[in-house]
*Asks:* 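Have a look at this one before I ask anything.
Note that the structure is a prediction, hence the values are computed from the model and not measured.
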Amino acid sequence: MAIKVMVAMSGGVDSSVAAALLKDEGFEVIGATLKLFSNEEIGLEHQARTCCSLEDVEDARAVAMRLGFVHHVFNFGELFRQQVINRFAASYANGETPNPCIDCNRFIKFDKLLERALVLDMDYIATGHYARVEFSEERGRYLLKKAADPSKDQSYVLYALTQEQLKHTLFPLGNLKKSEVRAIAESRGLVNAKKPDSQDICFVKDGDYCSFLENTMKVSSPHGNFVDSKGNVLGEHEGLIHYTIGQRKGLKLSFEKPKYVIRKDLGSNTVVLGDESELYSEGMLVKDVNLISVEELSAPMKASVKTRYSQKEAPAVLIPLEDGSLLVRFFEPQRAVTSGQAAVFYDDDTVIGGGTIVHTPSQREDLL
RNA sequence: UGGGAUAUAGUGUAAUGGUAACACACUAGACUUUGACUCUGGUAUUGUAGGUUCGAGCCCUGCUAUCCCAG
C-alpha cells in the first residue's frame, strides 16, 4: 500500500515542487493549504494580496490539479491568531523582537496540521522547507539537519520540532538548490514557477509591522527618550516597538559616528543608543529549550550557535541550568544578541536544539 | 543701539583663490523572520546684497542671524 503524505502547500513554488517530487516517488499525496487569517483580521482591504490570499489558495489548487491529487483548505485562523499573531504582539509589547515563523511551525504546521493529517490516516506531512530529517540508528533519534544549499537553509526556524513531529515529517527539498526547484517547477509547467520568494512576515503587509501592532493589535507603544548608556537624553523615540537591538537606521538622529540601539528599557520607556562596540555580548540565557540530537544536556557542551536568522554561527559552550534553560557563553563576543529571537545550536550541519533568547545587559554580570 | 567671533547639505566638520570633500542622518535598490545589520547608489553652488579678480566658500563692504565678553 502506498505511503500517504499530506503536503502543506502555501501556493508558492517550493511547496508545490515538494508535492511534485513526492508524487514522482510514488507517495499518495494530498495537498493542504492553510487559511491562517483574513485580510480584515490583519487590517487590510478585502481585496489586498497577501500570502493567504485567494490567489495563493488557487495557485495551490491549480498545482494539485495539474499533478493529480486532492487538495484541501483548512481554516486555522483562530489558532493562528492565538498562537502566532497574539504571541507576536505580546512579545513586542514586552520589548522583545520575536520570530513568528518559528511559532507558526511549532504550533500550527507541525502540530495542528500534523495532528489533522494523522487523523486522516496520513503517514507523514511534508513542507517546502529547505532542511533535512534523518534517523540516526546510533542515537535512536531523528535528526534535523541543514539543507544541502546553505544559502537557503531553514533549519533555524524548525529547531522547535520534537521527535514525534520529525518522525512524521518529510522535507523533499532538503537536497536541492533553489535554482533546481525553480527549474523543476518550470519543466512541470506549474503556475507559480516564477512567483517571487515570499519574505517578510506573512501577516504583516509591506513590512509595516509597527502600524500592524499599533492599529490592528492595539499595542500601545508611547514615545519616549533616546538616551546614552550614562542616561543622558539624546532625543525622542517613536515607541519601543519601532526598534530592535543592533538597529542603526531610522533613529532620525545624527552623531559623528553611527549609533546603534544597544538596549530597550521597558520600565523607563527608553531606548539606549551606543557605539557598535557596545553591542557585543559574552553570552546569553536561553529558555524554552528544545533538544533534538540529544535527549538532554547533563554537562556543558560545545556548539555553533546562531542568534539570528541569516547570521553566521559562532562557537560557544552550552551550560545546562537546573530549570532546563541554558547559559550560553560565546568564544568571541556576539553582536546584537536580542531577547525574543531564537538561538539555535549546531554540531556541524546537525541541529542540536534551540530556544528563545533572554538577554539583557543588566543580567549579563550575574550570569557570566 | 559697546567690543570680539562665527555663518558651508537635516547634523557635525573639510576645502594654498581655480568649477564643494568626509562622517552621521535621510532616501532608492540588493539581501532579509526583523521598515534590523550589511552592501551598492542618490541628495547642497557655500546666511544675504553688492564689490575686487580671468576666476571666490575662501579677499573687501553693507545687512541679517547666532555665540562670547563687557553692561
*Asks:* Rounded to the Å, how far apart are A/Gln247 CD and B/A25 P?
*Replies:* 11 Å
*Asks:* Walk me through it: do A/Asp323 and A/Ser325 pass the test side chain to side chain donor-acceptor pair (under 3.5 Å)?
*Replies:* CA-CA 6 Å; A/Asp323 63 357; A/Ser325 59; 2.6 Å; yes
*Asks:* Between the side chains of A/Asp14 and A/Lys152, is the shortest nitrogen-to-carboxylate-oxygen separation below 4.0 Å, so that they form an ion pair?
*Replies:*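 No, no charged N to carboxylate O under 4.0 Å.
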*Asks:* Taking the C1' atom of each, how far is B/C58 from B/A20, in whole Å?
*Replies:*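 Going atom to atom, C1' in each nucleotide, I get 11 Å.
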*Asks:* For atom C1', what is the distance between B/A15 and B/A23, given to the nearest Å?
*Replies:* 15 Å
*Asks:* Using the ring of each side chain (for Trp, its six-membered ring), is A/Phe212 parallel, tilted or perpendicular to A/Phe88, with breaks at 30° and 60°?
*Replies:*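 Tilted.
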*Asks:* More than 12 heavy atoms of other residues, nucleotides or ligands under 6.0 Å from NZ of A/Lys178: yes or no?
*Replies:*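 Enclosed.
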*Asks:* Distance between the C1' atoms of B/A14 and B/G50, in whole angstroms?
*Replies:* 28 Å
*Asks:* For A/Pro98 and for A/Ile245, find the nucleotide of RNA chain B with the closest heavy atom, then tell me which residue's nucleotide is more 5'.
*Replies:*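 Residue closer to the 5' terminus by nearest nucleotide: A/Pro98.
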*Asks:* Rounded to whole angstrom, note down the C1' distance from B/A56 over to B/G51.
*Replies:* 12 Å
*Asks:* Nearest to the side chain of A/Arg335 - B/A36, B/A25, B/C37?
*Replies:*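 Ranking B/A36, B/A25, B/C37 by closest atom to the A/Arg335 side chain puts B/C37 first.
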*Asks:* Might you list the N or O atoms of the protein lying below 3.5 Å from N or O atoms in nucleotides 8-11 of chain B, with each pair's distance?
*Replies:*
{"from": "B/G10", "atom 1": "N2", "to": "A/Ser254", "atom 2": "OG", "distance (Å)": "3.0"}

*Asks:* Does A/Thr350 form a side chain to side chain donor-acceptor pair (under 3.5 Å) with A/Asp348? I'd like the steps, not just the answer.
*Replies:* CA-CA 6 Å; A/Thr350 300; A/Asp348 194 29; over 6 Å; no
*Asks:* Quantified in whole Å, what is the C1' atom distance between nucleotide B/A44 and nucleotide B/U1?
*Replies:*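 It comes out at 36 Å once rounded to the nearest Å.
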*Asks:* Whole-Å distance between B/A36 P and A/Lys252 NZ?
*Replies:* 11 Å
*Asks:* Base, sugar-phosphate, or nothing: which does A/Lys259 touch, judged by heavy atoms less than 4.0 Å apart?
*Replies:*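 Since no nucleic acid heavy atom lies under 4.0 Å of A/Lys259, the category is nothing.
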*Asks:* Indicate the ring-plane relationship of A/Phe110 and A/His129, choosing parallel, tilted or perpendicular according to the 30° and 60° boundaries.
*Replies:*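 Answer is tilted, since the angle falls between 30° and 60°.
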*Asks:* Measure CD1/A/Ile357 against C1'/B/A36 and give the value in whole Å, please.
*Replies:*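 One finds 14 Å between C1' of B/A36 and CD1 of A/Ile357, rounded.
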*Asks:* C1' atom, B/C26 versus B/U66: distance in rounded Å?
*Replies:*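 Approximately 26 Å lies between the C1' atom of B/C26 and that of B/U66.
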*Asks:* So A/Ile102, base contact, sugar-phosphate only, or nothing? Heavy-atom distance under 4.0 Å.
*Replies:*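 Counting heavy atoms under 4.0 Å across all strands, no contact is made by A/Ile102.
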*Asks:* How long is the line joining OH of A/Tyr260 and C1' of B/A36, in whole Å?
*Replies:* 11 Å
*Asks:* Would you say A/Tyr142 and A/Thr169 are linked by a side-chain donor-acceptor pair, where the criterion is simply a distance under 3.5 Å?
*Replies:*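 Absent: no donor and acceptor within the cut-off.
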*Asks:* Expressed as a whole number of Å, how far does the P atom of B/U13 sit from that of B/C68?
*Replies:*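 Taking atom P in both B/U13 and B/C68, they lie 15 Å apart.
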*Asks:* Checking A/Arg61 against A/Thr33: is there a side-chain donor and acceptor pair closer than 3.5 Å?
*Replies:* no
*Asks:* Taking CG from A/Leu273 and P from B/C24, how many angstroms apart are they, rounded to a whole number?
*Replies:*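 Distance check: A/Leu273 CG to B/C24 P gives 15 Å.
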*Asks:* Tell me: NE2 of A/His242 to P of B/A36, nearest whole Å?
*Replies:*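 One finds 12 Å between P of B/A36 and NE2 of A/His242, rounded.
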*Asks:* How close or far is atom C1' of B/C31 from atom CZ of A/Arg308, stated in whole angstroms?
*Replies:*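 The distance from CZ of A/Arg308 to C1' of B/C31 comes to 15 Å, rounded to the nearest Å.
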*Asks:* Heavy atoms only, 4.0 Å cut-off, all strands: where does A/Gln311 land among base, sugar-phosphate and nothing?
*Replies:*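 No contact at all - A/Gln311 keeps every heavy atom at 4.0 Å or more from the nucleic acid.
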*Asks:* Is there a donor-acceptor contact under 3.5 Å linking the side chains of A/Glu96 and A/Ser91?
*Replies:*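 Checked: A/Glu96/A/Ser91 side chains pair up, N/O donor to acceptor below 3.5 Å.
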*Asks:* Within 45 degrees of the axis of the six-membered ring of A/Tyr346 and under 6.0 Å from its centre: does A/Lys146 put its NZ or CZ there?
*Replies:*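 Yes, A/Lys146 sits over the ring of A/Tyr346.
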*Asks:* Which dot-bracket string describes RNA chain B (Watson-Crick N1-N3 plus N6-O4 or O6-N4, or G-U N1-O2 and O6-N3, all under 3.5 Å; [ ] crossing; | other strand)?
*Replies:* .((((((..((((....[..)))).(((((.......)))))....(((((..]....)))))))))))..
*Asks:* With rounding to the closest Å, how many angstrom separate the C1' atoms on B/U53 and B/G10?
*Replies:*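 It comes out at 35 Å once rounded to the nearest Å.
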*Asks:* In whole angstroms, how far is the P atom of B/A36 from the CG atom of A/Leu213?
*Replies:* 15 Å
*Asks:* Could you pick out which residue, A/Asp208 or A/Lys152, lies toward the 5' side of RNA chain B when each is mapped onto its nearest nucleotide?
*Replies:*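 Residue closer to the 5' terminus by nearest nucleotide: A/Lys152.
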*Asks:* Which distance, rounded to the nearest 0.5 Å, do you find between the OG1 of A/Thr338 and the CE of A/Met284?
*Replies:* 10.5 Å
